[in-house]
**Student:** 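Mind having a look at this structure? Questions to follow.
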Amino acid sequence: MSGWAPSARVSVISREGCHLCDAALETVRRVAAETGADVEVVDIDEHPELLARYADEIPVTFVDGAQHDYWRVDEERLRAALG
């Protein structure tokens with residue numbers, strides 16, 4: 001995928017006004033605070049290549065550059081991935 005590469009331990013592709021994104025970000029930020037992980041939030045609407053690839057899957061969560069979850073974030077699975 002050209003144009004974007006995750007730059008934090010946890011990256012979330014999101015968009016303004018997305019209720020699933022809000023819930024996912026709440027979970028990600030809580031787990032990241034507990035584990036000390038950096039979080040990056042990327043607005044899908046600012047990246048046409050991400051919009052083309054992930055429009056139907058947001059929010060999409062990446063851990064260490066690999067896709068981890070989409071639509072919802074499993075808190076225990078995220079914690080395990082960051083542990």
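Given the structure is predicted, the values throughout are model-derived calculations rather than measurements.
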**Student:** Let me see the working for Ile13 and Tyr70 under side chain to side chain contact (heavy atoms under 4.5 Å, CB included), right down to the final yes or no.
**Tutor:** CA-CA 9 Å; Ile13 299 175; Tyr70 64 95; over 6 Å; no
**Student:** Test of understanding: with side chain to side chain donor-acceptor pair (under 3.5 Å), list the residues that count as partners of Glu40, not counting sequence neighbours.
**Tutor:** Ser7, Ser11
**Student:** Using a strict threshold of under 4.0 Å (side-chain N to carboxylate O), is an ion pair present between Arg53 and Glu49?
**Tutor:** no
**Student:** According to the salt bridge (Lys or Arg N to Asp or Glu O under 4.0 Å) rule, which pairs have a member within residues 15-25, sequence neighbours left out?
**Tutor:** Arg15-Asp45
**Student:** Identify the heavy atoms of His47 and Asp43 that sit nearest to each other, and give their distance.
**Tutor:** CD2-O, 3.3 Å
**Student:** Once rounded to the nearest 0.5 Å, what's the spacing between atom CH2 of Trp71 and atom CG of Leu20?
**Tutor:** 9.5 Å
**Student:** When hydrophobic residues are tied together by side-chain contacts of less than 4.5 Å, even through go-betweens, does Val41 share a cluster with Leu82?
**Tutor:** yes
**Student:** Holding to salt bridge (Lys or Arg N to Asp or Glu O under 4.0 Å), I want the full list of residues that pass it with Glu46, two or more places apart in sequence or in another chain.
**Tutor:** none
**Student:** Locate the shortest heavy-atom distance separating Val39 from Ala8; write the atom from each residue and the value.
**Tutor:** C-CB, 3.9 Å
**Student:** Salt bridge (Lys or Arg N to Asp or Glu O under 4.0 Å) with Arg72: which residues, sequence neighbours excluded?
**Tutor:** none
**Student:** What distance separates Glu34 CD from Leu78 CG, expressed to the nearest 0.5 Å?
**Tutor:** 9.5 Å
**Student:** Could you tell me which non-hydrogen atom of Asp69 sits nearest to which non-hydrogen atom of Val73, and how far apart they are?
**Tutor:** OD2-CA, 3.7 Å
**Student:** Considering residues at least two apart in sequence or located in another chain, which fulfil the side chain to side chain contact (heavy atoms under 4.5 Å, CB included) criterion with Glu26?
**Tutor:** Arg30
**Student:** Using atom types as modelled, flag every donor-acceptor pair under 3.5 Å from a side chain in residues 57-65 to any protein atom, sequence neighbours excluded.
**Tutor:**
{"residue": "Asp64", "atom": "OD1", "partner": "Arg9", "partner atom": "NE", "Å": "2.6"}
{"residue": "Asp64", "atom": "OD2", "partner": "Arg9", "partner atom": "NE", "Å": "3.1"}
{"residue": "Asp64", "atom": "OD2", "partner": "Arg9", "partner atom": "NH2", "Å": "3.2"}

**Student:** Please report the closest heavy-atom contact between Ser14 and Leu25, naming both atoms and the distance.
**Tutor:** OG-CD1, 3.9 Å
